[in-house]
Protein chains: 2
Amino acid sequence: MPTEDKEARFLQCIGEPTRLRIMKLLAGGERCVGDIVSALGREQSLVSHHLRALKDCNVVITRQEAQKVYYHLASPELAEIVLKSESLVTRLSLCQNGRCGE
Amino acid sequence: MPTEDKEARFLQCIGEPTRLRIMKLLAGGERCVGDIVSALGREQSLVSHHLRALKDCNVVITRQEAQKVYYHLASPELAEIVLKSESLVTRLSLCQNGRCGE
DNA sequence: CGTTCATATGAACAAATATTCATATGCCTA
DNA sequence: TAGGCATATGAATATTTGTTCATATGAACG
């Protein structure tokens, strides 16, 4: 299993709009599932599935407190790379035209 | 169309093993399609499809010379972010277990 | 215990994706 | 202009992915 496969999995894992929003939220500190759900305004089940995807890739870490489960980024560098790619997308005008995916 | 959507498209675009390999190749300077095909050892048609995906996202730029078409990265920062994510994946042990995608 | 709250899971489905195969385009040279 | 390279395109297919719905787990507290 070459290195590129894991790297691709990682990039694909964070390369999804809902998961990106979750990561940007967590960049501001840990949040419990309920907080994330109301911040995103999406279904609890959907958020839970995405959190699992992030956790399976070791992008986030969980901590349980009573009934609540708190999520935080595995490293501040993950927030950095998200910000860096955001800046790249705007500065280089990446993925603006309709041909790109859509 | 929120910013996260474009960012997600970008990350998803580069988050594919074959496209990652192409980008790492192009990090060493421009290459024509034939060079990329033989470097990767994959079908010409497949490489062409992936090159198109990269081009549609403005990640690569083309230059035609006679029958050959040369591709290069739109910015050296694209090579940087690929390297940075590679280093993150190894240092943080991201996407190692089988649950992650597979 | 039974109930309520917080989160996770699993099946089902639609949409997106990577790959292959076959064919088309475009540029050069004899 | 005919033929050969180099690259691109399009249809077809199998796999993966995101989302929803319904239900399950598990912790607290009466």
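Proteins come first, then strands; the chains are lettered A, B, ... in the order of their sequence lines, and each starts at number 1.
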Please report the distance, rounded to the nearest Å, between [atom1] in [X] and [atom2] in [N].
X: B:E43; N: D:dT7; atom1: CD; atom2: P; result: 16 Å
X: A:L20; N: D:dT17; atom1: CG; atom2: P; result: 16 Å
X: B:D56; N: C:dT17; atom1: CG; atom2: P; result: 12 Å
X: B:R42; N: D:dT7; atom1: CZ; atom2: P; result: 18 Å
X: A:L11; N: C:dA18; atom1: CG; atom2: P; result: 13 Å
X: B:Q64; N: C:dC27; atom1: CD; atom2: C1'; result: 7 Å
X: A:L40; N: D:dG18; atom1: CG; atom2: C1'; result: 15 Å
X: A:R19; N: D:dT17; atom1: CZ; atom2: C1'; result: 9 Å

(request) Scan nucleotides 2-13 of chain C nucleotide by nucleotide, 5' to 3', and note B when protein non-hydrogen atoms come under 4.0 Å of the base, S if they reach only the sugar-phosphate, - if neither. (result) ----SBBBB---
(message) Under 4.0 Å, heavy atoms only, any strand: does B:Q12 hit a base, just the sugar-phosphate, or nothing?
(response) sugar-phosphate
(request) Could you tell me whether B:K6 and A:E86 make a salt bridge, using a distance below 4.0 angstrom between a side-chain N and a carboxylate O? (result) no
(message) Between B:R52 and B:D56, does any NZ, NE, NH1 or NH2 come within less than 4.0 Å of an OD or OE carboxylate oxygen?
(response) yes
(request) Rounded to the nearest 0.5 Å, what's the gap from CE on A:M23 to CG on A:L54? Could you check? (result) 6.5 Å
(message) Quick check: do A:F10 and A:L78 have side-chain heavy atoms less than 4.5 Å from each other?
(response) yes
(request) Go through the structure and list residues passing side chain to side chain donor-acceptor pair (under 3.5 Å) with A:S38, not counting sequence neighbours. (result) none
(request) Taking only the side-chain nitrogens and oxygens of A:H50, find out if one of them lies under 4.0 Å from OP1 or OP2 of D:dT17. (result) no
(message) Run the salt bridge (Lys or Arg N to Asp or Glu O under 4.0 Å) test on A:R21 and B:E7 for me, step by step, so that the C-alpha distance in whole Å, both residues' side-chain angles and the decisive distance to 0.1 Å come before the verdict.
(response) CA-CA 11 Å; A:R21 288 184 197 109; B:E7 186 179 358; over 6 Å; no
